Amino acid sequence: MATEADWRAHPLCGPRDTYPDRYWGPDRLDPETWRRFAALLDPAAEIAAIIAALGDATDVVDVGGGTGTLAETIAARVPLIVIEPDPDQRAHLPAQLTVRAGRAEAVPIADGGADAAIATWVLQYTDDPDLAVAELARIARRRVVIVQPAPNNTLVEVYNREAVAAGMLVSHHGYLLARAAADLEAKGFTVTLEHVAIPLRTPPGGAPELADILSRMHTSDPVRRAAMVAATTDFIAACLVHGPLADDGVVLCARRDYSSSV
Ligand SMILES: C[S@@+](CC[C@H](N)C(=O)[O-])C[C@H]1O[C@@H](n2cnc3c(N)ncnc32)[C@H](O)[C@@H]1O
């Protein structure tokens with residue numbers, strides 16, 4: 001069984017030189033901006049990787065299901081419940097989905113009440129990601145799937161430039177992945193990590209529009225937002241010279257034989 005220190009050395013838990021000694025969050029999520037941003041993403045490879053990670057799961061709880069893009073595709077294959085704390089996000093979920101209000105830190109599902117639990121791009125919005133991972137392991141009998149940004153994710157680089165410009169703490173998603181992997185292994189799961197490519201369509205307004213969208217996902221304070229946009233527009237423009245940006249992720253797949261774990 002690998003420890004958190006072992007997982008830190010995994011290439012998908014990088015970068016190693018900026019590994020923080022504590023959680024920087026929670027990040028802020030503005031539902032309207034999130035929907036604007038999500039419309040630019042192509043999640044096909046991510047959805048395929050999550051479905052593969054779920055394997056033969058007989059039912060799924062999707063914690064922090066957001067706008068329901070992933071949930072809708074998975075729900076077409078297997079019964080699924082979305083747990084979502086934000087009323088605005090819940091109001092935009094497809095009508096056919098089963099939805100409950102709730103938070104990752106206290107998921108309103110019984111112990112072992114689901115065959116599988118997923119949380120995609122959610123841990124950084126929780127008050128306590130360790131507790132959120134423990135909750136996923138508590139409710140899931142056989143599989144837990146977590147998605148977080150990959151070390152090569154350009155948007156994390158933008159986010160961290162915004163954070164520096166606004167005097168906020170920088171993020172590090174390998175920190176969340178390494179801790180989640182170690183905790184899930186300690187609870188009897190076998191954990192694997194996989195890189196997944198998620199292309200991001202450039203909006204019509206190019207770098208300035210992207211810088212504006214990303215800053216709105218980081219803060220509601222207009223002064224901070226102006227500092228963020230000033231700090232990131234040229235960087236985004238320089239990246240776009242090489243092609244569209246990508247919001248690549250890491251899919252953490254945790255599996256266990258439930259009969260031997262309880
Ligand atoms: C970036 S979105 C991801 C949505 C979806 N999982 C996806 O991959 O498309 C993050 C979601 O987490 C939700 N969220 C924020 N805080 C949360 C918490 N403490 N527990 C569970 N979900 C939370 C947000 O409301 C939002 O719907």
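Position 1 is the first residue of the sequence; numbering continues from there. Fair warning: this is a prediction, and the values are worked out from it, not measured in the lab.
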Which pair of non-hydrogen atoms, one from [X] and one from [Y], has the smallest distance, and what is that distance?
X	Y	value
Val251	Ala53	CG1-CB, 4.3 Å
Thr67	Leu93	C-CD2, 3.6 Å
Leu70	Pro43	CD2-CB, 4.2 Å
Ala57	Val78	O-CG2, 3.4 Å
Ala101	Pro108	O-CG, 3.6 Å
Ala207	Leu240	N-CD1, 3.8 Å

Is there a donor-acceptor pair under 3.5 Å between the side chain of [X] and the backbone N or O of [Y]?
X	Y	answer
Arg225	Asp212	no
His92	Asp88	yes
Arg28	Arg216	yes
His10	Ala178	no
Asp115	Thr58	yes
Glu105	Leu131	no
Arg100	Val107	no

Candidate pair Thr18 and Tyr175, rule side chain to side chain contact (heavy atoms under 4.5 Å, CB included), full reasoning: CA-CA 10 Å; Thr18 53; Tyr175 170 90; over 6 Å; no
With a cut-off of 6.0 Å (strictly less than), are more than 12 heavy atoms of other residues, nucleotides or ligands near CD of Glu32? no
Should Asp56 and Arg255 be marked as a salt bridge (charged side-chain N to carboxylate O under 4.0 Å, His left out) after you check the CA-CA gap, both sets of side-chain angles, and the distance that decides it? CA-CA 11 Å; Asp56 63 352; Arg255 314 153 197 244; over 6 Å; no
If we only count heavy atoms from C-beta on, is the [X] to [Y] side-chain gap below 4.5 Å?
X	Y	value
Val250	Pro151	yes
Pro20	Leu169	no
Leu214	Leu155	yes
Leu252	Gln148	no
Leu29	Gln89	yes
Arg141	Arg256	no
Thr232	Ser215	no
Glu46	Thr120	yes

From [X] [atom1] over to [Y] [atom2], what is the distance, rounded to the nearest 0.5 angstrom?
X	Y	atom1	atom2	result
Tyr19	Asp21	OH	CG	10.5 Å
Ser171	Gln124	OG	CD	8.0 Å
Leu200	Phe37	CG	CZ	5.5 Å
Met168	Asn160	CE	CG	11.0 Å
Arg201	Leu41	CZ	CG	9.5 Å
Glu135	Thr126	CD	OG1	11.0 Å

Decide yes or no on side chain to side chain contact (heavy atoms under 4.5 Å, CB included) for Arg8 and Arg16, but give the supporting numbers first. CA-CA 7 Å; Arg8 265 189 218 191; Arg16 291 175 75 166; over 6 Å; no
Stepwise side chain to side chain contact (heavy atoms under 4.5 Å, CB included) check, Gln96 with Glu72: CA-CA 8 Å; Gln96 70 275 18; Glu72 198 174 17; 2.9 Å; yes
With hydrophobic residues grouped by side-chain heavy-atom distances under 4.5 Å, do [X] and [Y] end up in a single group?
X	Y	result
Ile47	Trp34	yes
Leu123	Leu193	yes
Ile198	Tyr125	yes
Leu80	Val122	no
Leu245	Val229	no

Below 30° counts as parallel, above 60° as perpendicular, anything between as tilted: where do the rings of His218 and Tyr159 land? parallel
Test Ile118 against every option in Ile74, Ile146, Val144 by the side-chain contact (heavy atoms from CB on, under 4.5 Å) rule and name the one that passes.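 Answer to the side-chain contact (heavy atoms from CB on, under 4.5 Å) test with Ile118 among Ile74, Ile146, Val144: Ile74.
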Determine whether Cys239 and Val158 satisfy the following criterion, side chain to side chain contact (heavy atoms under 4.5 Å, CB included), listing intermediate values before the conclusion. CA-CA 10 Å; Cys239 293; Val158 173; over 6 Å; no
May I ask you to decide whether Arg36 forms a salt bridge with Asp30, counting only side-chain N to carboxylate O separations under 4.0 Å? no
